[in-house]
Amino acid sequence: MLRTVIATTAVLGLAAGCAPDPSAPVKIRALVLSSNGQYIPEEVELKTVSDIVGLSGSVADLHGGARIVLDPNDPDLSGATTPEAFINALLKDEGRDVTASYITQGDVLWPADFHTWNMVTTYYNLERAFDYFREVTNIPVADFKKPPRTYYFPEFRTPATDKDPLRDNALYFSAMDAFFILPFDELQRAPLAINAGVTTHEYAHRVFNQKAYGGNPFPQALGTWSDGGGPSPGANILKSMDEGLADLHAYGATCRSKNGCDTRFLSTSFEGQYATIADERDLARSDRCIDENLRDSLLSANLNQFENYYRVGTILASALYQAGEATGQRDILLRSIITAYNDESTTTPGILQLTRQYLSDQTKFTLAVAVTPIITHITDLRLKEAVCNEVMDHLQIPRDLLVGTTNPNLCPPSAAGGTTCPRLSED
């Protein structure tokens, strides 16, 4: 019954609300993870909201009722020659501003219905993700550009892969520079937008797009390297990095919560038959190793068929996690990763610059090359040594391949790798 009511409400529009219009910060109740693993109403502040009914502000702009269709057979889509035309072809119904409903108790607003609880929590979590990247990783406010539109409960269809609208997901869609908060069906314990770690993961994709992809709605390296259907090792590595580093930043953001750091932030949303997702992406596991089958598929599959980018990304993220925790320099590592995305220096080029350098030959964008910017942007010798040891071990990168543009000995002499993972043959 709950699913039917929610689906109907999403189509007909949200309940009309009263019209409070307090200036930020706004005291409001949102759903926040408690120490016992349950999401409970808690008083928080929305610091950036300018329209509390429409839930828009300098961090996000919620929009409901949209219908979005990604169909390669759509002539309007295939004929689009600009990002604006592509967006117009995708949007079959652009929807409307959301309308949140509240009850006032003292100077605190309480959401008056399910959708308002969900939307307020979504905005609050996006605000927390914004604060993490601004305060921990030192991204200037100007770099975030305009607030992305957040499509709340849109009808999102991909006819080539699924006849039904997508559900049970939250995602960043670079083609529209937008977040999608999709209706939920099976993930009812903690829908993904309520999970602050998931929200930060998606926000991390936006940051990666803005910096490592140069803000391109259609990342050039991914498109060039995967075009034609042949092997796309560079694209596979780049996509894997995007996913793994998004998990690492999501973990870093949990360390700012009252409950402390949580490498299993996915577990509150994924349970039952989906519980293995949280297990497989738990960064605290130190036994993750790339094996020959995974390495071979990484190098031989096309991006459109490669199914293991989460596995490769988790190995990378776990290796970096181990280094940051062992040295007690988590935040320094997280900042170094962000600076590694985009750096025009010829001595310490960023990921964006290296993908451009090897655009005509993706085989040169190897795992060793991909992690080099992270290492070059770490200035602390002990942390640099730890990162070198972990990536040499878990990603099976021989030391002599970790070479900077001006420094043939990128890793310090004390870095000798680890012994957790069995050595792979060098093909």
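Worth knowing before you read on, the calculation uses all heavy atoms, side chains too, and leaves out hydrogens, waters and symmetry mates. The shown structure was predicted, so the numbers you read here are calculated from the model rather than taken from an experiment. By convention here, the first residue in the shown sequence is residue 1.
Inspection of the Thr224 and Asp227 side chains reveals no N or O donor paired with an N or O acceptor under 3.5 Å. No hydrogens or angles considered: nothing links the side chains of Thr339 and Ser336 as a donor-acceptor pair under 3.5 Å. Side-chain N/O atoms of Thr200 and Tyr132 include no donor and acceptor closer than 3.5 Å. For the residue pair Asn302 / Asn304, a side-chain donor-acceptor distance below 3.5 Å is found, with atom types taken as modelled. A donor-acceptor contact closer than 3.5 angstrom links the side chains of Asn125 and Arg128.
Of the candidates Tyr172, Phe130, Phe173, Phe179 forms a ring pair (Phe, Tyr, Trp, His ring centres under 6.0 Å) with just one, namely Tyr172.
Residues satisfying the side-chain hydrogen bond (donor to acceptor under 3.5 Å, both in side chains) test with Asp61, not counting sequence neighbours, are none. When the side chain to side chain contact (heavy atoms under 4.5 Å, CB included) test is applied to Leu299, the partners found at least two apart in sequence or on another chain are Pro233, Arg295. Under the salt bridge (Lys or Arg N to Asp or Glu O under 4.0 Å) criterion, Asp343 pairs with no residue, sequence neighbours left out. In this structure Ala221 satisfies the side chain to side chain contact (heavy atoms under 4.5 Å, CB included) test together with Trp225, Leu238, Thr355, Leu359, sequence neighbours excluded. When the ring-ring contact (aromatic ring centres under 6.0 Å, His included) test is applied to Phe208, the partners found at least two apart in sequence or on another chain are Tyr213, Tyr341. Lys163 is linked by a salt bridge (Lys or Arg N to Asp or Glu O under 4.0 Å) to nothing, counting only residues two or more places apart in sequence or in another chain. Taking Lys364 as the reference, nothing meets the salt bridge (Lys or Arg N to Asp or Glu O under 4.0 Å) condition, with sequence neighbours excluded. For Gln396, the side chain to side chain contact (heavy atoms under 4.5 Å, CB included) partners two or more places apart in sequence, or in a different chain, are Ile290, Asp393, Cys421, Arg423, Leu424. Looking at residues two or more places apart in sequence or on another chain, you find a ring-ring contact (aromatic ring centres under 6.0 Å, His included) between His205 and His201. The salt bridge (Lys or Arg N to Asp or Glu O under 4.0 Å) search around Glu155 returns Arg67, Arg157, not counting sequence neighbours.
Contact of the Ile52 side chain with the Tyr102 side chain is registered, since non-hydrogen atoms from C-beta on lie closer than 4.5 Å. With a 4.5 Å cut-off on side-chain heavy atoms, Thr199 and Thr122 do not count as touching.
Within the structure, the ring-ring contact (aromatic ring centres under 6.0 Å, His included) test picks out no pair touching residues 294-319 (sequence neighbours left out).
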Taking distance alone, no hydrogens or angles, what donor-acceptor pairs closer than 3.5 Å link side-chain atoms of residues 86-95 to residues at least two apart or in another chain?
from	atom 1	to	atom 2	distance (Å)
Asn88	ND2	Glu84	O	3.2
Lys92	NZ	Asp74	OD2	2.6
Lys92	NZ	Ala89	O	2.9
Asp93	OD1	Gly95	N	2.9

Step-by-step salt bridge (Lys or Arg N to Asp or Glu O under 4.0 Å) determination, Asp131 to Arg134: CA-CA 5 Å; Asp131 285 345; Arg134 181 175 58 86; 3.1 Å; yes
